[in-house]
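Heads up: the structure comes next, in structure tokens.
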Amino acid sequence: MADSIERRNRPALSLHVPEPDARPGDEVDFSAIVIPEAGSVGRPDVAVAAAETHPLCFTLVRVLDEDGKAIGPWDPKLDPDTLRRILRDMLMVRVFDERMFRAQRQGKTSFYMKALGEEAVAVAAAHALDRDDICFPTYRQQGLLIARDYPLVEMMCQIYSNKGDKLKGRQLPIMYSDRERGFFSISGNLATQYPQAVGWAMASAIKGDSRIAATWIGDGATAEGDFHNAVTFAGVYRAPVILNVVNNQWAISSFSGIAGAELTTFAARAVGYGIAGLRVDGNDALAVYAATRWAADRARSNLGPTLIELFTYRAEGHSTSDDPTAYRPQGAGAKWPLGDPIERLKRHLIQLGEWDEERHGQLQEKLSAEVRSAQKEAEKQGTLGSGHFEDIDSMFADVFEEVPWHLAEQREAAHEEAKARRK
Amino acid sequence: MADSIERRNRPALSLHVPEPDARPGDEVDFSAIVIPEAGSVGRPDVAVAAAETHPLCFTLVRVLDEDGKAIGPWDPKLDPDTLRRILRDMLMVRVFDERMFRAQRQGKTSFYMKALGEEAVAVAAAHALDRDDICFPTYRQQGLLIARDYPLVEMMCQIYSNKGDKLKGRQLPIMYSDRERGFFSISGNLATQYPQAVGWAMASAIKGDSRIAATWIGDGATAEGDFHNAVTFAGVYRAPVILNVVNNQWAISSFSGIAGAELTTFAARAVGYGIAGLRVDGNDALAVYAATRWAADRARSNLGPTLIELFTYRAEGHSTSDDPTAYRPQGAGAKWPLGDPIERLKRHLIQLGEWDEERHGQLQEKLSAEVRSAQKEAEKQGTLGSGHFEDIDSMFADVFEEVPWHLAEQREAAHEEAKARRK
Amino acid sequence: MTVMNMIEALNDAHDVMMGRDDNIVVMGEDVGYFGGVFRVTAGLQAKYGRTRVFDAPIAEGGIVAAGIGMALYGLKPVAEIQFADYIFPGFDQIFSEAGRIRYRTAGEWSVPMVIRSPYGGGIFGGQTHSQSPEAFFAHMPGIKTVIPSNPYDAKGLLIAAIEDPDPVVFFEPKRIYNGPFDGFYERPVTPWAKHPQADVPEGHYVVPLGKAAIVREGEAVTILAYGTMVHVALATAEAEGVDAEVIDLRTIVPLDIVAIEESVKKTGRCIVLHEATRTAGFGGELAALVQERCFYHLEAPVQRVTGYDTPYPHSMEWTYFPGPARLARALKAVLED
Amino acid sequence: MTVMNMIEALNDAHDVMMGRDDNIVVMGEDVGYFGGVFRVTAGLQAKYGRTRVFDAPIAEGGIVAAGIGMALYGLKPVAEIQFADYIFPGFDQIFSEAGRIRYRTAGEWSVPMVIRSPYGGGIFGGQTHSQSPEAFFAHMPGIKTVIPSNPYDAKGLLIAAIEDPDPVVFFEPKRIYNGPFDGFYERPVTPWAKHPQADVPEGHYVVPLGKAAIVREGEAVTILAYGTMVHVALATAEAEGVDAEVIDLRTIVPLDIVAIEESVKKTGRCIVLHEATRTAGFGGELAALVQERCFYHLEAPVQRVTGYDTPYPHSMEWTYFPGPARLARALKAVLED
Ligand SMILES: Cc1ncc(C[n+]2csc(CCOP(=O)(O)OP(=O)(O)O)c2C)c(N)n1
Ligand SMILES: Cc1ncc(C[n+]2csc(CCOP(=O)(O)OP(=O)(O)O)c2C)c(N)n1
Ligand SMILES: [Mg+2]
Ligand SMILES: [Mg+2]
């Protein structure tokens, strides 16, 4: 056995507990964040061996520079209409979020979550994917639904759990589901969707289909075992799936260091599973589009999964239940060095001569009007506060395809209880 | 949305299911395995940043060359007595395994698992660790107990679940536990010990202790969520723990490709968690010793965890319940290019002039005699086949520290049932 | 009709269904080339190919989750969990996901999936190869739980489970894979060959989920059992010369409440028999239901005969196992009451 | 004596114990700097330092496993699982490890650890912030399960749990964190302030595990409840003018069987009340025990009043919740029988 004596000369051990750079009262300080020049990162062919992508796990794929110019090999060279559509969708997400946040504050629903500052992550990806590729999102990818033209009224009815709610008041607000648009039902249980997406992709491969799957997870939730299960299965079977990690650097009150980001990147996880990996400026819609498209082409060509870390920042609270000033400095979001995805794409379009402040103002107006009228429409069907979805038979439906005797008996009892109450 | 038309020009997807190079009837072929020269891999200072170790995750730390010479910076330069002790312990494991395997075949117990060909993994590590460092092993690290002088009779009584069994017949054979020697109870549930070891190490750091933890897991079990939990926590809190992955290339009938080893190494997992990683020739006792010592020094110096992949080969069946010729070529073990850890260390000692065939033969004799007499001793206390541990009160003890009423009632009923049976 | 043991019958159920439906895929640890540690999937990879029958990483959570994803796509995954003792890493995906997806999507999506797992004791498997965790699954909305007791039912129930539109947990009492076991462990083991329920029809047939079988008619007392315990109940009734009615529940969710009520109202006495630990076991649910629905017919309290509330001890298997001696004492008590 | 709500009482229990015992460490998601999403650990990190109170990665399995490792070392970890709905990734470590380590090592090692988790419905939390999974834990050998119903008990029981030598799962009914809730949801919410059980002694005191409290004496019927449901039982008894004896179980394993038996033998009638889903819920165990032990005193079947066997529906919370209307109907039934 090694001599125990020398151990005594060692320093006592101590536990390292990661702490963010700044807490309430401190100055926000993002100076430690290394930001490579836009266009400075090479773009490997989609057919390269996974290992050749691993250097890209330690940098940032960026396309838009400070003046809004698109540069370098990752520029997807999108036509102005597509660019305007992406801008429009991101702006719609923001306007919609703002409105629904207020609706919650007005007691019209129990809960809401914004994607402020992260709109590019979902919107640009949606445009890079094929329309019939399936998405296994988290609660912060409402941009996918907006980009795939899910009616605002449908979204609002779900948020209100009202009579028009397709999900019959069963799900927490924003836990949307829309099979028609390839948007899988959001689960309250973090990370569960990640390995499910891999299973879906495996099935697509088993059947010789050509549709792929894309899934999203937050930085915090990567700690769950389901993350490991997903990447393991994706790697072993080379499943046609895009594994997105949305690193907005915060869970609820805990920062990404508590999820393991102090000494490495989330993209670097790809190395240990032998799959392709990319680390991307998540506030650069063109970079997100290009990376997603690269991974989609790779998956569709039967070359397996790609892990994409989307480096962004959660500019506001985690949800309507959260006040971020309790654990991080006020206004941290505004100081985020990678800027605002909407402003950046707007600047790009203007710089191309395809957009201007006036049209931007008009668009904003138009979208606000759309949202307002959708809200009026939705509220005709009630809100959680007044006129929520209520139907005893429905409460017992869909537990199983058919209602077994014990649920039928309980349904009967529920009806009688309701009668008794009315008296 | 991206144009769906072009998708139709894509090849249909297909599922990749990993297959080993050879199945029963095929020729064993290990030619694909890349084996760097002994001594060719550099040894970084224990204080380097984790990232600087990552190149070592894609090679093999080796010390003993073909002629049994120890070469290169990883040579631990052990004195002959220590070398002989390691040789003795490995040989003891082999002799013991052989004997107990036979005992199971003779119906003296229900189950047994050998470590044939992997003896260096546990034995050399035990000698590199401090005596009071704790081990969270799997069922294949019996070498830790042998190296820490756990009485053979104790081991056998546990294997026989007999009256002398310290664990009172409660555990499957070989699921040893010995707190005194820092050997944590083996669980039937794979991977559970891995995050527990990290928690123990975190506690040691919290208390300013200087003891570290070491844990082992098989290649197959790395797929469990507990593996991810362990490495995540170890990385986040920089816990003083050595995370060993024993890659013997087989689970039961499934090879390491099913665990994700086709396109990367298990050591490479370290990269994505930002911790140190080493990949080691697991059949080279000196390399195992040196790597373990490097990781132990690093952990004890408060520099955090190291993931060590021990590259070896499971030379025989998974357990007494398994016949490997059903899924891999006969005699694959004998052809393993990294050889036999006992033969290699023996050659080294002989080459140093510190050992010879005659003494080796005598040692083997002596160890066999020790095992035989221990077996006689143990069998005086019975075997599972005849005279296993049986005590109704004990069956209800240790569920909780104190026996609550419901267990007391059940104990009473069990006594009455026994009485009724005797009639 | 061919004589099959339970393993052959389960293997045949896979074969019959995979031949009929290309969407059925089989995955699990060691189920591929090797055919499973209990050989239930033997030969299937050779016959149906590696992309329909394949080994999975050792990650029960991943196996269940991947299966859910495949079911969402439109496949019918049949996943094997090597031992029921190892199903728990997949617990969250079964409970929080498989069991709720149809509900939370208002029927937009569903998870037709079967999770098979060898289960129960009697093989000296120690704490982690012997457990009977059915009660956990019976408590999960949206999950059906099936436990066959013989080759005929095993095949028919597995086919029904595969054809079911909802997730089904299918526990296979491993002690009776190769022959019925009645708890008289000192007697020579009997193979299935001599057993009537080992005559298994070729091809497709169904034993419907939710239907119990009255395997012995009687007037004195009703014994509710499933899996291995059905054989213990039958043998003990014989040995004790008790006119017991033995009901093989076969499915515990949904339960065949009609069969239970009719029998208990007839006999006025009831014993619930299971191998699982007692407290909060499924026997509690059965006893509660019986006294709720047959209270005025009961002449004695419903008795539970179960495993003890301890881990399953390796060497003391026969002291732990709820065999004929334990059941006999309960029969005496319930009949004397 | 200070008036405290349940959150303050639980926070105080941590504070009192951490001050007395350096080996107590607190970990969980958001419990450190922020003090927990329900503020139960507020101020503890500032007072006891970052190595004794710290945030954990979002990995409930890792939290439980690391806690087990710490307990094996000799610390006393108190881990928070943010919502009981999210405890399932840690299920295997609780069931297969924490609950069995003392047994499988014949006492060589043990796991003195507390796993706290906010639990239950009534806050419009939807399917995944409302569940009551106690029955799963009651079925685990080696695990104790505690559910307080008021600030005084919450502090005393948590101290007892921390001092207990075995692993304890401690469920905190989040609906009554800030005030007792009796199920009359249309009435104004009442704070704890006015409640006698909100008078919480300073410093150390213990409410022993395994002891129930008779919170209302009565002759007509026994109502067994715990957590939020205790308040529903009391209010309903008043509202219906029923002479009910209400027992707050406080600990479901180990159970205070003496209190239950004495009461039911006195009243001859029994209702079991819980929020959890019905089938294989803990109410089944209670009903089974009562009829086993009090059969000849029972004048009516034991009734179960529970949540329905569906996921917890967001908008229909008050139709789902087993409130006064449901209990009143059961009271009528059990008293008329
Ligand atoms: C299994 C599970 N554990 C805990 C929670 C509670 N919870 C909800 S969101 C959240 C933070 C998630 O952070 P991250 O993954 O980074 O996603 P983000 O909100 O930043 O998009 C937590 C802890 C949960 N929903 N599920
Ligand atoms: C959670 C769990 N799943 C499955 C098993 C069954 N099982 C026991 S050993 C084994 C193979 C383990 O292979 P590996 O991790 O490579 O370890 P090795 O036996 O090669 O040392 C399996 C699948 C188990 N014991 N626990
Ligand atoms: Mg985040
Ligand atoms: Mg292995």
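Numbered from 1 within each chain, the chains take letters A, B, ... in sequence-line order.
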**OP:** Below 4.5 Å from any heavy atom of chain C, which atoms of A:V236 appear? Answer side chain, backbone, both or neither.
**Re:** side chain
Subject >> Heavy-atom proximity to chain A below 4.5 Å, by part of C:I63 >> reply: both
Original post:
A:L407 versus chain C, heavy atoms under 4.5 Å apart: side chain, backbone, both or neither?
Top reply: neither
Original post:
Would you find a donor on one side and an acceptor on the other, under 3.5 Å apart, between the side chain of C:T41 and the backbone of C:V31?
Top reply: yes
Subject >> Spacing of OH belonging to C:Y296 relative to CD belonging to C:Q291, to within rounding of 0.5 Å >> reply: 10.0 Å
Subject >> Residues forming a ring-ring contact (aromatic ring centres under 6.0 Å, His included) with A:F266, sequence neighbours excluded >> reply: none
**OP:** Sort out for me which of A:A197, A:P195, A:G199, A:A213 touches chain C most, counting heavy-atom pairs under 4.5 Å.
**Re:** A:G199
**OP:** Measure distances from C:P57 to the heavy atoms of chain A and classify the residue's part below 4.5 Å as side chain, backbone, both or neither.
**Re:** both
Original post:
Who among C:L289, C:L75, C:I257, C:I101 has the most heavy-atom pairs with chain A under 4.5 Å?
Top reply: C:I257
Subject >> Contacting moiety of C:L255, where chain A heavy atoms sit under 4.5 Å >> reply: both
Subject >> Shortest non-hydrogen contact from A:C135 toward A:L129 >> reply: SG-CD1, 4.0 Å
Any idea which donor-acceptor pairs are under 3.5 Å between chain C and chain A?
| residue | atom | partner | partner atom | Å |
| --- | --- | --- | --- | --- |
| C:N23 | OD1 | A:K207 | NZ | 2.7 |
| C:D55 | O | A:Y237 | OH | 2.5 |
| C:Y73 | OH | A:D209 | OD2 | 2.7 |
| C:Q93 | OE1 | A:Q196 | NE2 | 2.9 |
| C:Q93 | NE2 | A:T192 | O | 3.2 |
| C:Q93 | NE2 | A:D226 | OD2 | 3.1 |
| C:S96 | OG | A:N189 | ND2 | 3.4 |
| C:E97 | OE1 | A:Q196 | NE2 | 3.0 |
| C:E97 | OE2 | A:S187 | OG | 2.6 |
| C:E97 | OE2 | A:T192 | OG1 | 3.1 |
| C:Y103 | N | A:D398 | O | 3.2 |
| C:Y103 | O | A:R170 | NH1 | 2.9 |
| C:Y103 | OH | A:M395 | O | 2.7 |
| C:R104 | NE | A:S185 | OG | 2.5 |
| C:R104 | NH2 | A:S185 | O | 3.1 |
| C:R104 | NH2 | A:S185 | OG | 3.4 |
| C:E108 | O | A:R179 | NH1 | 3.1 |
| C:E108 | OE1 | A:S177 | OG | 2.6 |
| C:E108 | OE1 | A:R179 | N | 3.3 |
| C:E108 | OE2 | A:K166 | NZ | 2.9 |
| C:E108 | OE2 | A:R179 | N | 3.4 |
| C:W109 | NE1 | A:S177 | OG | 3.1 |
| C:D166 | OD2 | A:E401 | N | 2.7 |
| C:L255 | O | A:W405 | NE1 | 2.7 |
| C:R293 | NH1 | A:E409 | OE1 | 3.1 |
| C:R293 | NH2 | A:E409 | OE2 | 2.4 |

Original post:
Where does C:A56 contact chain A at under 4.5 Å (heavy atoms): side chain, backbone, both or neither?
Top reply: both
Original post:
Looking at A:A296 and A:I242, what are the two nearest heavy atoms and their distance?
Top reply: N-CD1, 3.7 Å
Subject >> C:I115 and C:V78, any side-chain heavy atoms less than 4.5 Å apart >> reply: no
Subject >> Contact class of C:L72 relative to chain A, heavy atoms under 4.5 angstrom >> reply: both
Original post:
Does the separation of the ring centres of C:F91 and C:F137 fall below 6.0 angstrom?
Top reply: yes
Subject >> Residue list, side chain to side chain contact (heavy atoms under 4.5 Å, CB included) with C:A160, at least two apart or on another chain >> reply: C:V206, C:L209
Original post:
Going by atom types only, do C:E245 and C:S263 share a side-chain donor-acceptor pair under 3.5 Å?
Top reply: yes
**OP:** Return the set of residues passing side chain to side chain contact (heavy atoms under 4.5 Å, CB included) with A:A418 (not counting sequence neighbours), or none when no residue passes.
**Re:** A:I392, A:R422
**OP:** Would you name the heavy atoms of C:P208 and C:L157 that are closest together and state the gap between them?
**Re:** O-CD2, 3.9 Å
Subject >> Residue C:V258 versus chain A: region with a heavy atom under 4.5 Å >> reply: neither
**OP:** Heavy-atom distances under 4.5 Å only: say whether A:A397 touches chain C with side chain, backbone, both or neither.
**Re:** backbone
